[in-house]
There are 2 protein chains.
Amino acid sequence: MEGSTKQFRKRNAILACLQQTHAHPSAEMVHEMLQKTHPDISLATVYRNLAWFKSQGMIQSLGTVNGIERFDANTAPHVHFVCTGCSAVIDLPQIAVPHSLETDTEKYAGCRVQGCQLTFTGLCGSCANS
Amino acid sequence: MEGSTKQFRKRNAILACLQQTHAHPSAEMVHEMLQKTHPDISLATVYRNLAWFKSQGMIQSLGTVNGIERFDANTAPHVHFVCTGCSAVIDLPQIAVPHSLETDTEKYAGCRVQGCQLTFTGLCGSCANS
DNA sequence: GAAGAAAATGAGAATTATTTGCATTTATTT
DNA sequence: AAATAAATGCAAATAATTCTCATTTTCTTC
C-alpha cells in the first residue's frame, strides 16, 4: 500500500519538502518551494496532503502564525521560537518541557494530556539587530 | 481621555465581558455573550475592540483553536489546556514555565524572548468520560 | 497486459473568519 | 452650541482554507 513501487505520487514530494526544510512552512510556502521540481502540483493538493499527513500523525501543525497555519515534519515534542518581526519559526530541540508540568496539568485541570506545545515569541537575531 | 465620564462606550462592555469569563472566548462568543445586555453591539465592533485591546496589551490572544482566535483578559503569563474534544480552554495559573527555559532559548536561538506560551492539549474531564 | 475499481489531482467555486470603507452616531473639546 | 474627534453599524471586501466534480493516475484482478 504505502511503500508502493510507482512513486509518481506528488504526496511524496510534499512530505519530502517538509522534511528537508527547517522553515516550518505554510501550505503556500510548501507549494512555492515545490515549484522548482514539481511545477504541476496544485495548491489544493498541498493543502489536502498536509491535512492528510496531519491526520496520520506524520507531521504536526504549529498552529497559526499571523493567521497562517505552519507545519513541521518533526513530530517529536520540541520547543519553538516564533519571531514577531519576520514570522520565522526556529526549532529548539535542546529544550524539554519538564514532565512534571504535564502531570500537574492533569491534576489541576482534571484532564488527560495528550500533547504539549511550548512557544517562545520575540525577535530573532536578525530582527533584533535592525 | 480614557477614564472619561460618559462610559456609554461599548468598548467597556466588551472588555468587561472578557474579564468576567473564563471561557477564553472568540470574537463571536463575546458577541453572543453580549447579546443579553448589549444587543446593539455589532460583530465588527467586537472584532475592532478586541484588536485594539490586544494592540494595547490589555488582553492577549491565545492563537487559534480550530481556526478561530481566542482571547484572554488575563495578560499574566500562565499555562493553558485546550480540549481537542470540545475546544474548551482551561487556565492553569498554578503552573509556571521555568525561567531557565527562556534563557536557554535565547542562548540557543540567538534571539530575544519577549513572550512565552505553553499549551497542553488533550481531553478535558467531561470529554474523557464520554 | 487489459479492464475495472480506487485513490489522487487540478481548477475553480464555495466557505468562513476577519477586516475594511464609509456614512452615521456618539462623545469630547473649545 | 459648534466644531472636532472617536466609535459604531452595515455591508462589501479579503484571504486562508475547504470542497466539488470532472479527469488523470495508480492499484487490483483477471
Side-chain angles (χ1 to χ4, degrees), chain A residues 1-18 23-56 58-72 82 87 89, chain B residues 1-18 23-56 58-72 82 87 89:
Chain A
M1 317 234 146
E2 264 312 304
S4 45
T5 33
K6 289 208 175 174
Q7 308 269 33
F8 283 21
R9 302 278 173 72
K10 311 186 172 178
R11 173 170 291 173
N12 299 327
I14 293 168
L15 182 58
C17 173
L18 250 192
H24 306 79
S26 65
E28 268 205 41
M29 288 163 79
V30 169
H31 184 247
E32 176 82 12
M33 294 163 88
L34 286 170
Q35 284 305 309
K36 307 155 191 171
T37 56
H38 297 77
D40 56 339
I41 293 184
S42 82
L43 186 53
T45 294
V46 175
Y47 272 105
R48 252 187 303 241
N49 281 304
L50 289 175
W52 187 80
F53 288 133
K54 188 164 77 167
S55 76
Q56 302 297 307
M58 300 173 68
I59 68 175
Q60 68 170 321
S61 163
L62 307 184
T64 57
V65 177
N66 289 330
I68 301 176
E69 189 167 17
R70 303 283 287 264
F71 299 90
D72 191 342
V82 176
S87 297
V89 178
Chain B
M1 317 234 150
E2 264 312 305
S4 45
T5 34
K6 290 208 175 173
Q7 308 269 32
F8 284 21
R9 302 278 172 72
K10 311 188 173 178
R11 174 170 291 174
N12 299 327
I14 293 168
L15 182 58
C17 174
L18 249 191
H24 307 79
S26 64
E28 269 206 40
M29 289 164 78
V30 170
H31 184 246
E32 177 83 13
M33 294 163 88
L34 287 170
Q35 284 306 309
K36 308 156 193 171
T37 56
H38 296 78
D40 57 337
I41 294 184
S42 81
L43 186 53
T45 293
V46 175
Y47 272 106
R48 253 188 300 240
N49 281 304
L50 289 175
W52 187 80
F53 288 133
K54 188 164 79 168
S55 76
Q56 301 298 307
M58 300 173 70
I59 68 175
Q60 68 170 322
S61 164
L62 307 185
T64 56
V65 177
N66 289 329
I68 300 177
E69 189 167 17
R70 303 284 287 265
F71 299 90
D72 192 342
V82 175
S87 297
V89 178

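No hydrogens, no waters, no symmetry mates; every other heavy atom, side chains included, goes into these values. To find a chain, count down the sequence lines: A is the first, B the second, and so on, and within it residues start at 1.
A:Leu18 approaches A:Leu50 most closely through the heavy-atom pair CD1-CD2, 3.8 Å. The two residues B:Asn66 and B:Ser87 make their nearest non-hydrogen contact at ND2-OG, 2.7 Å. Among all heavy-atom pairs drawn from A:Leu62 and A:Val89, the shortest one is CD1-CG1, 3.7 Å.
Distance B:His31 NE2 to D:dC10 C1': 12 Å, rounded to the nearest Å. Note: CG (A:Asn49) to C1' (C:dA7) measures 11 Å, nearest angstrom. Going from atom CD1 of A:Ile14 over to atom P of C:dA7 covers 18 Å, rounded to whole Å. Spacing between atom CZ of B:Phe71 and atom P of C:dT18 amounts to 7 Å, rounded to whole angstrom units. Taking atom CG of A:Leu43 as the reference point, atom C1' of D:dC19 lies 13 Å away to the nearest angstrom. The CG-C1' distance, from A:Leu50 to D:dT18, rounds to 13 Å in whole Å. Distance A:Ile41 CD1 to C:dA8 P: 14 Å, rounded to the nearest Å. What separates CZ of B:Phe53 from C1' of D:dA7 is a distance of 12 Å, to the nearest Å.
Applying the side chain to side chain contact (heavy atoms under 4.5 Å, CB included) test between A:Asn49 and each of A:Met58, A:Lys54, A:Arg11 identifies A:Arg11 as the sole match.
Contact annotation: A:Arg9 side-chain N/O to D:dC27 OP1/OP2 distance is under 4.0 Å.
If you find the closest nucleotide of DNA chain C to B:Arg48 and to B:Arg70, the one lying nearer the 5' end belongs to B:Arg70.
A side chain to side chain donor-acceptor pair (under 3.5 Å) check over residues 24-34 of chain A, counting only residues at least two apart or in different chains, returns the pairs A:His24-A:Asp72, A:His24-A:Asp91, A:His31-A:Gln35.
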Given protein heavy atoms under 4.0 Å, the one-letter contact record of nucleotides 11-16 of chain D, with B base, S sugar-phosphate only and - none, is simply -----S
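A:Arg70 places none of its side-chain heavy atoms less than 4.5 Å from the side chain of A:Ser61. The closest side-chain heavy-atom distance from A:Trp52 to A:Arg48 is not below 4.5 Å.
In the set C:dA8, C:dA11, D:dT8, the nucleotide with an atom closest to the side chain of B:Lys10 is D:dT8.
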